[in-house]
Student: 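My structure is below; once you've seen it, I'll send some questions.
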Amino acid sequence: MTTRNKTITLSDEQVAFYAAKCEKAERIEFSARNYVACGDFFEAAKRVGKESVDLLIVDPPYNLDKDYNGSRFGKMSDSEYAAYTRKWVQAVLPLLKKTATVYVCCDWRSGMTVAPILGEYFTIRNRITWQREKGRGAKDNFKSAMEDVWYCTVSKDFYFDLDSVKIRRKVIAPYRADGKPKDWFEEEGAKYRDTCPSNFWDDITVPYWSMSENTPHPTQKPEKLLAKLILASSKEGDLVLDPFAGSGSAAVVAKKLRRDYIAVERDETYCALAEYRLERAEEDKRIQGYDGIFLDRNARM
Ligand SMILES: C[S@@+](CC[C@H](N)C(=O)[O-])C[C@H]1O[C@@H](n2cnc3c(N)ncnc32)[C@H](O)[C@@H]1O
């Protein structure tokens, strides 16, 4: 591969080095923050402070056969997956502040099982659908190129910052009132408007080999997606919890945006990737596709 490949790959020595920086799930201090815990979330949940979490971002294994670095998640029946979902919801519930927001990632099929359970415990406020550029073709079906994020809150008292998640878009029909631009501006010869986001996000790029956030994790979420969730629903210094952290994307973005984080992941290699990315975020706080305002997909930064 050419030198343009920016995928983060760690040697065995690096995995051992970065994994050693993680907390052990069974040894977490209740009041601790800003760590990756290596181990089972259901164990870790017993040791996270009660009512301490402002923002919960859950990207659970979807109900699919998936190999997570040798640990296989097997597709379940809908009722088994419902029981699994209920189990993690009940484990996180005591950790959430009354003002907390909860985002849960799903594909369309898992969502049919997950959403009714979320509705039992939380107020569901929206279903965000984001467009993946990639998707596997099928001979007898439409390609699945969308994923959902269910937006929920614990109560009616919650934080939401719409201005922080506006999108800069090119204006197709620039309207003038009294000869002056109406809600748009000109920059380097192009006309733009900062627009309010809808619940359909078509500006996200799934990490791939030439993006510096890319890792070998099979279901890594884009930093830009997480930046939207974190900016909309938390303030600086708030605590973000990610119980199924994978390569640590939520924690990395939380750190870049000056939020506190707790990330739990049971695979040691993924924990090491998360620690490596968090170390890199000390110096480099850039988020591809975000420049104080969200830019269109593949916009130059
Ligand atoms: C969908 S992936 C999360 C990907 C992550 N959002 C990212 O951007 O890299 C789910 C992760 O949950 C982990 N996992 C599954 N069950 C777990 C458990 N009981 N405790 C901790 N981690 C778990 C898997 O190893 C996998 O990495």
Side-chain angles (χ1 to χ4, degrees), residues 7-10 15 18-19 22-26 28 35-48 55-76 80-81 83-92 95 103-107 109-111 114 130 132 147-150 204-208 211-230 240-256 261-278 281 287-288:
T7 303
I8 302 167
T9 42
L10 303 181
V15 169
Y18 286 101
C22 296
E23 297 292 331
K24 292 279 165 275
E26 61 282 2
I28 299 167
Y35 61 83
V36 177
C38 194
D40 180 25
F41 172 67
F42 296 99
E43 196 52 46
K46 298 176 196 157
R47 306 191 61 80
V48 172
L55 174 58
L56 174 71
I57 298 181
V58 191
D59 183 15
Y62 298 170
N63 196 10
L64 302 166
D65 287 320
K66 185 67 75 183
D67 181 355
Y68 291 108
N69 200 32
S71 168
R72 188 177 162 277
F73 187 90
K75 183 168 166 41
M76 303 172 180
E80 284 167 335
Y81 193 68
Y84 173 74
T85 301
R86 198 177 294 282
K87 187 176 164 199
W88 69 249
V89 171
Q90 288 176 344
V92 293
L95 316 180
Y103 289 107
V104 182
C105 302
C106 285
D107 61 3
R109 196 189 291 275
S110 309
V114 171
W130 63 279
R132 302 168 58 92
E147 289 200 18
D148 293 328
V149 183
W150 292 89
I204 307 281
T205 304
V206 179
Y208 61 95
M211 287 168 73
S212 59
E213 67 188 72
N214 194 43
T215 77
H217 193 287
T219 61
Q220 183 183 349
K221 288 287 180 291
E223 290 190 8
K224 187 179 187 185
L225 176 83
L226 290 154
K228 289 179 188 242
L229 307 180
I230 290 172
V240 180
L241 171 65
D242 179 356
F244 301 104
S247 63
S249 309
V252 169
V253 176
K255 181 170 183 170
K256 288 183 176 181
Y261 59 86
I262 295 177
V264 187
E265 168 56 49
R266 68 178 175 194
D267 180 79
E268 194 184 76
T269 303
Y270 298 156
C271 287
L273 283 167
E275 284 288 358
Y276 176 86
R277 292 176 70 195
L278 284 161
I287 295 168
Q288 191 153 348

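Throughout, numbering of the chain's residues begins at 1 and tracks the sequence. Fair warning: this is a prediction, and the values are worked out from it, not measured in the lab. In listed order, ligands and their atoms are each counted from 1. Quick note: numbers below take in every heavy atom, side chains included, and nothing from hydrogens, waters or symmetry partners.
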Student: Provide the closest heavy-atom pair for Val264 versus Gly39 in the form atom of the first, atom of the second, distance.
Tutor: CG1-O, 3.6 Å
Student: What residue and atom, counting heavy atoms only, is the protein's closest point to atom 23 (C) of ligand 1, and at what distance?
Tutor: Phe244 CD2, 3.5 Å
Student: Apply side chain to side chain contact (heavy atoms under 4.5 Å, CB included) to the pair Tyr62 and Thr219, showing each step before the final yes or no.
Tutor: CA-CA 10 Å; Tyr62 298 170; Thr219 61; over 6 Å; no
Student: Would you say ligand 1 has an N or O under 3.5 Å from any N or O of Thr219?
Tutor: no
Student: Below the 3.5 angstrom mark, is there an N/O of Asp59, backbone or side chain, next to an N/O of ligand 1?
Tutor: yes
Student: Is Arg47 salt-bridged to Glu23, going by a charged N under 4.0 Å from an acidic O?
Tutor: no
Student: Can you tell me if Gly39 contacts ligand 1 (heavy atom of the residue under 4.0 Å from the ligand)?
Tutor: yes
Student: Carefully, step by step, assess Tyr276 and Thr215 under the rule side chain to side chain contact (heavy atoms under 4.5 Å, CB included).
Tutor: CA-CA 11 Å; Tyr276 176 86; Thr215 77; over 6 Å; no
Student: Measure the distances from the heavy atoms of Pro60 to every atom of ligand 1 and state whether one is below 4.0 angstrom.
Tutor: yes
Student: Please list the nearest protein heavy atom to atom 16 (N) of ligand 1 with its residue and the distance rounded to 0.1 Å.
Tutor: Arg266 CZ, 3.4 Å
Student: Without hydrogens or angle criteria, can the side chains of Thr7 and Asn214 be said to hold a donor-acceptor pair below 3.5 Å?
Tutor: yes
Student: Nearest to atom 26 (C) of ligand 1 by heavy atom, Glu43, Lys87, Glu265: which?
Tutor: Glu265
Student: Can you check whether Asp40 has an N/O within less than 3.5 Å of an N/O in ligand 1?
Tutor: yes
Student: Measure the distances from the heavy atoms of Ala250 to every atom of ligand 1 and state whether one is below 4.0 angstrom.
Tutor: no
Student: Do Pro222 and Thr205 come close enough that some side-chain heavy atom pair is under 4.5 Å?
Tutor: no
Student: Is the closest N or O pair between Tyr270 and ligand 1 shorter than 3.5 Å?
Tutor: no
Student: With only distance considered, is Ser247 within less than 3.5 Å of ligand 1 through an N or O on each side?
Tutor: yes
Student: List every atom of ligand 1 that sits less than 4.0 Å from any heavy atom of Lys221, numbering the atoms from 1 in the order shown and giving each element.
Tutor: 6 (N), 7 (C), 8 (O)
Student: Side chain to side chain contact (heavy atoms under 4.5 Å, CB included), that's the test. Do Glu213 and Ser249 meet it? Break it down for me.
Tutor: CA-CA 9 Å; Glu213 67 188 72; Ser249 309; over 6 Å; no
Student: If we only consider heavy atoms of Pro61, is any one of them less than 4.0 Å away from an atom in ligand 1?
Tutor: yes
Student: Going by the atom numbers of ligand 1, which of them fall below 4.0 Å from some non-hydrogen atom of Ser249?
Tutor: 7 (C), 8 (O), 9 (O)
Student: If the plane angle is over 60° it's perpendicular, under 30° parallel, otherwise tilted; pick one for His217 and Tyr270.
Tutor: tilted
Student: Side chains of Phe244 and Tyr68, heavy atoms from C-beta outward: is any pair under 4.5 Å?
Tutor: no
Student: Considering only the protein, which heavy-atom contact is closest to atom 5 (C) of ligand 1, and what is its distance?
Tutor: Ala245 O, 3.4 Å
Student: Can you name the closest pair of heavy atoms from Pro60 and Trp88 and give their distance?
Tutor: CB-NE1, 4.1 Å
Student: Given Tyr84 and Asn63, is the side chain to side chain contact (heavy atoms under 4.5 Å, CB included) satisfied, shown in steps?
Tutor: CA-CA 10 Å; Tyr84 173 74; Asn63 196 10; over 6 Å; no
Student: Would Phe42 count as a polar contact of ligand 1, with the cut-off being nitrogen or oxygen pairs under 3.5 Å?
Tutor: no
Student: Closest non-hydrogen protein atom to atom 20 (N) of ligand 1, residue and atom name please, with distance?
Tutor: Phe41 N, 2.8 Å
